[in-house]
Amino acid sequence: MPVMTLPTPQDFVLARDVCSYGYFVLAPNVWDPRTKTLMRVLSLRDGATSDPVLVAIRQRAKGRLAITISHSLEPSQREVVRAQVSRMLRLDESAQRIAQFHQRDPRFAASGRGRIFRSPTLFEDVVKTVTSCNVQWPGTIQMNRRLCEVVGSAVVIAGRGPAATRAFAFPTPKQLARTRPGTLRSRCRVGYRDVRLVELARLFTLAPSKGGVDQAWLEDPATPDDAMFKYLVKLPGVGPYAAANIMQLLGRYARLPLDTESARHGKHVLGFKGSAAKLAKQVREHFAPLGEDAFRSYWFELWTQYEALKGPAWTWDRDGVGSTFVSDAARAMK
DNA sequence: GGTAGACCTGGACGC
DNA sequence: GCGTCCAGGTCTACC
């Protein structure tokens, strides 16, 4: 199978930087702890079939990744693969920028943590965020798996005919936009999120001039945080928590996505007291001095708690620890 | 601007 | 096996 190489910043470590956020256990991502390989299907275009391609990403040496591809690609398609893998792994974040974070919060200098795993597209990050709202983590895992299997394109990876083994891509905006809400509800178990997800997908298929999501503006470093937050909370299924989470996925770390997990952390780890609203306020104020790295500090503090209970994240698999780490942490703090 | 209640699913629990 | 309760963030109606 064809292999591409991809340069990375010198401080990049695949196992550490993939296993840095819960999305690494969400379909279509598959992390193999034994071989320290990230596998998934990428969609190379937003069409009816989406040109799915299976990739396996390994770190062969410092500063270099090997990407094995399921079949030969045109040069332009290889560029799409490079761009999507770079986005997932946050290869655009320089070693200097990570070092700046470590100066602000030296607790994570030794481990080198700083990059937070995300999806190959903004659309997938937004949908994953919406499917993580008002549901427990195993529900989020299930919704993402079924969205891929029911709506996404398939790649045959072994065998042929009905008995063939297939891997599935995450749905593209066009694929999700044309799916009936009833199908999402009954087959993907997304519940009341059905209409919101279809409408969200439709907004990603439209040009900004026609009311569609302005992805270039959202990715533009010049866009002010407050304007971005106001824009995101108007998207269907996106409230204050989801908007703040999408912002961190866009590299805006000043705002914290505060949820019940934050309140639990504030109470049991940071020793705060009071109602859920008061706990959230105290958590926000606690991390505010970290400025534009507040979320990274907050997140890696939480992540360290999970790892203390369940072992290093790179040893987790989707169906084992990966499906339980949040609930186990919550139970431990009750 | 703040608040209450509905939305939906899956897991835990009691019978 | 069945019914009930609960957790989870967003949205809408209402004050």
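In what follows, every chain begins at residue 1, and chains take the letters A, B, ... in the order their sequences are listed.
- If you take CZ of A:Arg196 and C1' of C:dG8, they are 13 Å apart, rounded to a whole angstrom.
- Backbone-only engagement by A:Leu235 is indicated by non-hydrogen atom pairs under 4.0 Å involving sugar-phosphate atoms exclusively.
- Ring-plane geometry between A:Tyr306 and A:Trp303 is classed as perpendicular, the angle between the planes exceeding 60 degrees on a 0 to 90 degree scale with a lower cut at 30.
- No contact: A:Val130 has no heavy atom under 4.0 Å from any strand.
- In this structure, A:Arg189 and A:Asn134 both approach DNA chain B, and ranking their closest nucleotides by distance from the 5' end singles out A:Asn134.
- If you take CG of A:Leu232 and P of C:dG9, they are 18 Å apart, rounded to a whole angstrom.
- Each of A:Gln103, A:His102, A:Arg107 was compared with A:Asp105 under the side chain to side chain donor-acceptor pair (under 3.5 Å) criterion, and only A:Arg107 meets it.
- Ranking B:dG10, B:dC8, C:dG8 by closeness to the A:Tyr192 side chain, first place goes to B:dC8.
- Relative to the six-membered ring of A:Phe108, A:Arg113 misses at least one condition, a distance below 6.0 Å or an angle of at most 45° to the axis.
- Computed from coordinates, the A:Met143 CE to B:dG11 C1' distance equals 14 Å when rounded to whole Å.
- The CG atom of A:Leu197 sits 11 Å away from the P atom of C:dC11 (whole-angstrom rounding).
- The OH-P distance, from A:Tyr241 to C:dA7, rounds to 18 Å in whole Å.
- The distance between atom CD of A:Gln136 and atom P of C:dG9, rounded to the nearest whole Å, is 10 Å.
- Rounded to an integer number of Å, the gap from CG of A:Asn144 to P of B:dG10 is 14 Å.
- A:Trp316 does not carry A:Lys310 over the face of its six-membered ring by the limits of under 6.0 Å from the centre and within 45° of the normal.
- The CD1-P distance, from A:Ile141 to B:dT9, rounds to 18 Å in whole Å.
- For A:Arg185, whose side chain is taken as the heavy atoms from C-beta onward, the closest listed nucleotide among C:dT10, C:dG9, B:dC8 is B:dC8.
- Residues A:Leu65 and A:Arg58 are not in side-chain contact: their nearest non-hydrogen atoms beyond the backbone lie 4.5 Å or more apart.
- Considering only side-chain atoms of A:Arg193, the nucleotide from C:dG9, C:dG8, C:dT10 that sits closest is C:dG8.
- Using a 4.0 Å cut-off, some side-chain N or O of A:Thr260 falls inside it from OP1 or OP2 of C:dG9.
- Among the heavy atoms of the strands, none lies under 4.0 Å from A:Gly139.
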